[in-house]
Amino acid sequence: MLKSARKQQMDPEGRMPLAAHLRELRNRLLKSVLAILVVTAIAMWQYKAIAHFVTGPVIDAVGCPKNTLPTDGKPHPCAEITANGLLAPFTIMLKLSLTTGLVAASPFWLYQLWAFLAPGLHKHEKKYALSFVGAGVPLFLGGAYLAYAVLPTTAGALVGLTPSDWANLFPADDFLDIVTRMVMVFGFSFELPLLLVLLNFGGVLTGKRVLSWWRFMVLGITIFSAVATPTGDPLTMSLLAAPIVLLYFGAVAICLFNDRRRQRANPDRDLADDEASELDLTPAEVGAIEPVESSRILPGEPGEDGTDRGRRGYDDVT
């Protein structure tokens, strides 16, 4: 069932009917889901270790000391992570394991995305599409790690706003929802510069066009960071927006370099857009003429037996 539909379609240009494309998409999605489920099952086996890994930095940053409560009147606010309800630990285990599966299996499902798109690309575009996997995985994991790294700082800044006579209790399911959103938002946001570079290498966008958008891109990235971050505080928003803006300008530099390289290889680079290139009108020598034999007799010519078999009309000859 998981056999690729393209192995049955031997078209060298990768063309397939719509039904075959849908079967191919179904197979790629099913493979990706199976990979995520396998990693999720492994994560469920190591659930407690992963939970300590995720919550450990936050507890070290804002957690209350042992044998104390958030209501003990400490000079600095602290917080406790709690599981509310009998089924809460089981629900939290599923959420945390599924998040781990999505992140850890990202190399595989990103490759499946490339494998679905690659046969429809030209040969010179496939190597650029392959770089989507090679560069997309580190960028996604880098964004996910950044979210994990800034979470203690964000938690400390937010808990610090708590009045001294209040208590902070973090429901574990809500806390993991915030972690999941931050990891996914940071991870996919880091893919934006890579998308711009791929569009430039594919000839869709030029470096100058991408650079001309810098005001709107910076404003859009800032607004997106403010909306996408679940905490909504300026610190987390800035920590998300600043790396994306830097990556954007890095992508602009790569696009401009690629345009300059492509222009140097173009013999008509000095011509204006409305100027025709020069034509070489120098006469060339004509080689030896090869004799061509007629495959059929002309109309009206007699055949070998003397009969007029050639009268077939011009339509028969042409």
Side-chain angles (χ1 to χ4, degrees), residues 33 35-106 109 140-190 225-237 239-240:
V33 170
I36 293 174
L37 290 179
V38 170
V39 180
T40 300
I42 298 174
M44 293 175 65
W45 179 50
Q46 297 291 333
Y47 153 66
K48 291 184 178 180
I50 297 174
H52 288 301
F53 174 78
V54 172
T55 60
V58 176
I59 293 177
D60 294 338
V62 300
C64 298
K66 293 182 179 180
N67 302 324
T68 61
L69 295 174
T71 57
D72 287 348
K74 302 176 183 59
H76 300 287
C78 63
E80 288 289 335
I81 298 179
T82 61
N84 299 330
L86 181 62
L87 297 178
F90 178 75
T91 305
I92 295 168
M93 179 184 65
L94 293 180
K95 289 183 178 181
L96 187 59
S97 301
L98 183 58
T99 303
T100 305
L102 287 172
V103 175
S106 58
W109 54 259
F140 181 83
L141 296 179
Y145 177 77
L146 179 62
Y148 174 77
V150 303
L151 191 58
T153 305
T154 302
L158 294 178
V159 172
L161 301 176
T162 306
S164 58
D165 55 344
W166 289 9
N168 286 291
L169 296 177
F170 291 169
D173 50 352
D174 294 341
F175 175 76
L176 291 178
D177 287 341
I178 294 177
V179 173
T180 301
R181 285 185 56 187
M182 289 186 64
V183 166
M184 293 302 167
V185 168
F186 275 56
F188 284 112
S189 298
F190 274 44
S225 301
V227 175
T229 50
T231 57
D233 61 292
L235 177 62
T236 307
M237 181 192 72
L239 290 174
L240 173 61

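Throughout, residue positions are numbered sequentially from 1 according to the sequence presented. Source: prediction; values computed, not measured.
Nearest approach of L176 to I92, heavy atoms of both residues: CD1-CG2, 2.9 Å. Smallest separation of non-hydrogen atoms from V39 and G101: CG1-CA, 3.7 Å. In plain terms, the two heavy atoms of P152 and A149 that are nearest each other are CD-O, 3.4 Å. Of all the heavy atoms in A51 and T55, the pair that sits closest is O-OG1, 2.7 Å.
In this structure, CG in L98 is found 8.0 Å from OG1 in T180, a value given to the nearest 0.5 Å. In this structure, L96 CG and F175 CZ are separated by 10.0 Å, a value rounded to the nearest 0.5 Å. The OG atom of S189 sits 12.0 Å away from the CE atom of M184 when rounded to the nearest 0.5 Å. If you take CG on L86 and OG1 on T91, they are separated by 10.0 Å, rounding to the nearest 0.5 Å. From I50, atom CD1 reaches atom CE of M44 across 10.5 Å, with rounding to the nearest 0.5 Å. One distance of note links CG of L169 with CG of N84; it measures 8.0 Å at 0.5 Å rounding.
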Decide ring-ring contact (aromatic ring centres under 6.0 Å, His included) for Y148 and F53; before the verdict, give the C-alpha distance in whole Å, the side-chain angles of both, and the deciding distance to 0.1 Å.
CA-CA 10 Å; Y148 174 77; F53 174 78; 4.8 Å; yes

Can V183 and L102 be said to form a side chain to side chain contact (heavy atoms under 4.5 Å, CB included), step by step?
CA-CA 10 Å; V183 166; L102 287 172; over 6 Å; no

Report the C-alpha separation of H52 and I59 in whole Å, then their side-chain angles, then the decisive distance to 0.1 Å, and conclude whether the side chain to side chain contact (heavy atoms under 4.5 Å, CB included) test is met.
CA-CA 9 Å; H52 288 301; I59 293 177; over 6 Å; no

Go through it in stages, so that I can follow the logic: the residues are V159 and F170, the test is side chain to side chain contact (heavy atoms under 4.5 Å, CB included), and I'd like the CA-CA distance, side-chain angles, deciding distance and then a yes or no.
CA-CA 10 Å; V159 172; F170 291 169; 3.5 Å; yes

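Ring orientation note: the planes of F140 and W109 are nearly perpendicular, at an angle over 60° on the 30°/60° scale.
The shortest distance between side-chain heavy atoms of Y145 and V150 does not fall below 4.5 Å. Using a 4.5 Å cut-off on side-chain heavy atoms (C-beta onward), Y47 and T100 make no contact. By the 4.5 Å heavy-atom criterion applied to side chains, E80 and N168 are not counted as neighbours. The shortest distance between side-chain heavy atoms of V54 and T99 does not fall below 4.5 Å. By the 4.5 Å heavy-atom criterion applied to side chains, V33 and L37 are counted as neighbours.
Residues T40 and S97 bring no donor and acceptor atom of their side chains to less than 3.5 Å of each other.
A salt bridge is defined here as a Lys NZ or Arg NE, NH1 or NH2 lying under 4.0 Å from an Asp or Glu carboxylate O, and K95 with D173 fails to meet this definition.
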